[in-house]
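Comments concern the structure below.
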Amino acid sequence: MSGDREIKIVFTGPMGAGKTTAIRAISDAPPVSTEVANTDRATNAKPTTTVALDYGQLLLEDGTAVSLYGTPGQERFSFMWEILCRGSLGVVLLLDGSTATACQDLQGYAEAFRRIDPNQPFVIGVGRVPPDDYRLDEYARALGARGIVAPVFGVDVRQREDVLLLIETLLCVLEAQMPEPDHAAH
Amino acid sequence: MQPRPPPSRAVSDPDTAVRPDRRIAVLKPTGVVDERITHALQLMESSIWAFHGTTHVTWRMASVDSADVLVFHEGDTDERIAQWKSQNKPVVEIAVQSRLDSDTPNLLVYPFRATQVLVLLERLETQLTSGLEGLVPDESTLALASTDQDPWTFVEGLRTLRTLQNSEAWLVGREARTPILWVRGDAATYAAEPVTVQAIRRGALNPSRLTLEKGSAPIGGQAPRSGMELSWFTGYFASGHLAPSLTISTSYRMSSWPNFGLIRPSPSQMRVVAALAAAAADLSEIIRRAGVTADEAARTLNALYACGMLVRVSPSEPGSAASAGARRRAASEPRAGLAKLLANVRKHLGLGARS
């Protein structure tokens with residue numbers, strides 16, 4: 001990897017989907033958040049929300065820092081999605097499956113990020129639904145109908161193991177996009 | 001076709017009901033014919049015999065004069081075939097080569113699978129009862145049975161249900177007469193006690209021992225679970241060789257990802273799926289690209305096939321968009337550097353896929 005380029009993984013999704021929670025689950029240090037009181041209680045009842053971004057970090061043993069960014073959830077900050085996502089290793093899209101608009105949100109975000117970079121790996125975690133909820137299959141099919149083949153999982157981002165599943169999948173997607181994996185190197 | 005009277009007794013409980021009879025005649029070739037035709041007709045007869053007691057009616061071999069259904073091979077010029085067709089009576093045509101023939105509703109192309117015969121028999125019964133030629137089979141009347149000889153019958157049954165899309169019906173899987181599994185008619189959901197779910201996930205439940213019959217919805221408190229889970233694990237554990245419908249030399253791609261949150265895949269499963277998501281591949285390419293054993297690659301392909309997530313790719317089809325993206329990424333990223341970075345991230349987070 002280039003030494004002068006920031007290495008980052010981006011967590012995105014609508015307000016209340018769990019982006020801050022997911023970053024907190026894996027960041028080496030407590031994430032830096034720009035949370036303020038939520039004035040849009042009609043959309044989501046949570047007391048605070050991220051208005052600029054969340055920031056966490058993985059500091060690898062060779063000194064490399066991997067930044068973890070959480071985008072603001074509100075639509076009016078969508079201009080930041082492109083700024084944050086450009087050049088990232090991949091995008092983790094988180095959705096609140098308990099909302100009536102979850103499937104609609106999925107398609108909207110997926111298409112938005114496909115426009116930003118059609119080749120960027122991204123994985124989708126749907127929270128607040130049981131992982132065996134059969135409706136999750138419909139989400140993947142809805143994406144497939146739009147020509148987007150992307151992993152869609154039911155996750156609980158409060159569980160580190162679930163966030164790691166998303167990251168591991170992202171890494172596998174990245175790895176599979178390399179021309180010939182060097183298995184002997186591992 | 002005139003509607004035939006329905007079977008004299010509806011079959012809802014396989015343990016107590018007496019199945020009515022239907023008669024089926026197989027026209028044997030009179031002269032020297034392709035050996036495959038002889039084998040195909042023998043296979044048809046054997047399948048009919050093997051399914052005694054598992055279909056909604058009992059199919060019995062009969063003469064042409066007394067039969068409800070006539071089976072013949074595509075090259076047969078027997079006059080009685082034309083008579084049957086002119087009377088709109090149901091016929092089954094056996095062919096030895098694939099063909100695009102939309103005028104033949106009941107066509108079996110040899111070699112065919114026992115499951116195809118089973119589905120066909122149930123469809124024929126529906127046609128005879130309703131009098132509707134070429135009726136799309138109604139899975140509410142579909143009974144599927146598995147045999148010990150074929151670990152794929154259950155998986156193929158689920159795939160068939162998925163194509164039929166009848167969410168009103170339920171099939172009950174019994175083991176030694178005890179109901180342990182409920183599958184909705186479109187295979188989108190299923191229900192079972194937690195111990196059965198765990199057995200399915202561990203591969204400890206042999207679905208070839210189950211008999212699926214039409215039944216009622218689960219009455220217990222089991223929440224409906226994703227049918228993808230049932231399909232994935234029964235497909236994965238069915239065999240370490242490719243499913244009969246898959247071939248080693250064919251390239252496949254994925255139409256959608258399985259729900260990893262539900263499956264909790266092993267690292268090798270994850271790598272196979274990611275490799276297929278990146279670009280279409282045949283079995284040997286998957287083994288190489290994912291760095292997994294042939295057994296793991298075949299099992300994961302089987303699981304994807306069972307879930308209806310595999311798409312056959314013709315040799316002339318250009319590479320997928322994903323593979324084009326992969327090439328671009330490969331060109332812009334120093335590969336060794338990226339591989340090292342991913343390995344370090346894995347090590348840091350304690351992930352196991354490449355460790």
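First the proteins, then the strands, lettered A, B, ... as listed; each starts at 1.
- For the pair Val66(A) and Asn344(B), the minimum side-chain heavy-atom distance is 4.5 Å or more.
- Around CD1 of Ile248(B), the count of heavy atoms belonging to other residues, nucleotides or ligands within 6.0 Å does not exceed 12.
- The part of Pro265(B) that comes within reach of chain A is its side chain, from C-beta onward, which places non-hydrogen atoms under 4.5 angstrom from that chain.
- Considering only heavy-atom pairs separated by less than 4.5 Å from chain B, the leading option among Val173(A), Leu166(A), Leu164(A), Ile167(A) is Leu164(A).
- At a threshold of 4.5 Å between non-hydrogen side-chain atoms, the residues Leu89(A) and Leu338(B) count as touching.
- To the nearest 0.5 angstrom, Cys172(A) atom SG is 5.0 Å from Arg346(B) atom CZ.
- The number of heavy atoms from other shown groups lying within 6.0 Å of CD (Glu111(A)) is above 12.
- Residues Trp257(B) and Ala140(A) come closest through the heavy atom pair O-CB, 4.1 Å.
- Smallest separation of non-hydrogen atoms from Glu168(A) and Leu351(B): OE1-CD1, 3.8 Å.
- Here the closest non-hydrogen pair linking Ala176(A) and Ala274(B) is CB-O, 3.3 Å.
- Residue Ile148(A) does not touch chain B at all, counting heavy-atom pairs closer than 4.5 Å.
- Between Leu349(B) and Leu58(A), the closest side-chain pair of non-hydrogen atoms falls below 4.5 Å.
- Contact annotation: the side chain of Leu165(A) approaches that of Arg264(B) to within less than 4.5 Å [non-hydrogen atoms, C-beta and beyond].
- Residue His348(B) holds its NE2 atom at 11.0 Å from OG1 of Thr64(A), rounded to the nearest 0.5 Å.
- Using a 4.5 Å heavy-atom threshold, the side chains of Phe260(B) and Val123(A) count as separate.
- For Arg160(A), the CZ atom sits in a packed shell: over 12 heavy atoms of surrounding residues, nucleotides or ligands are nearer than 6.0 Å.
- In this structure, chain A has heavy atoms under 4.5 Å from both the backbone and the side chain of Val345(B).
- Per-residue heavy-atom pair counts under 4.5 Å with chain B were compared for Val155(A), Ile26(A), Val152(A), and the maximum is reached by Val152(A).
- Leu60(A) is listed as a side-chain neighbour of Leu341(B), based on a closest heavy-atom distance under 4.5 Å.
- When heavy atoms are compared at a cutoff of 4.5 Å, Leu136(A) approaches chain B solely by way of its side chain, counted from C-beta outward.
- Residue Ser226(B) holds its OG atom at 10.0 Å from CD of Glu138(A), rounded to the nearest 0.5 Å.
- For Asp156(A), no part sits under 4.5 Å from any heavy atom of chain B, backbone or side chain.
- Among the candidates Val126(A), Asp28(A), Leu143(A), the residue making the largest number of heavy-atom pairs closer than 4.5 Å to chain B is Asp28(A).
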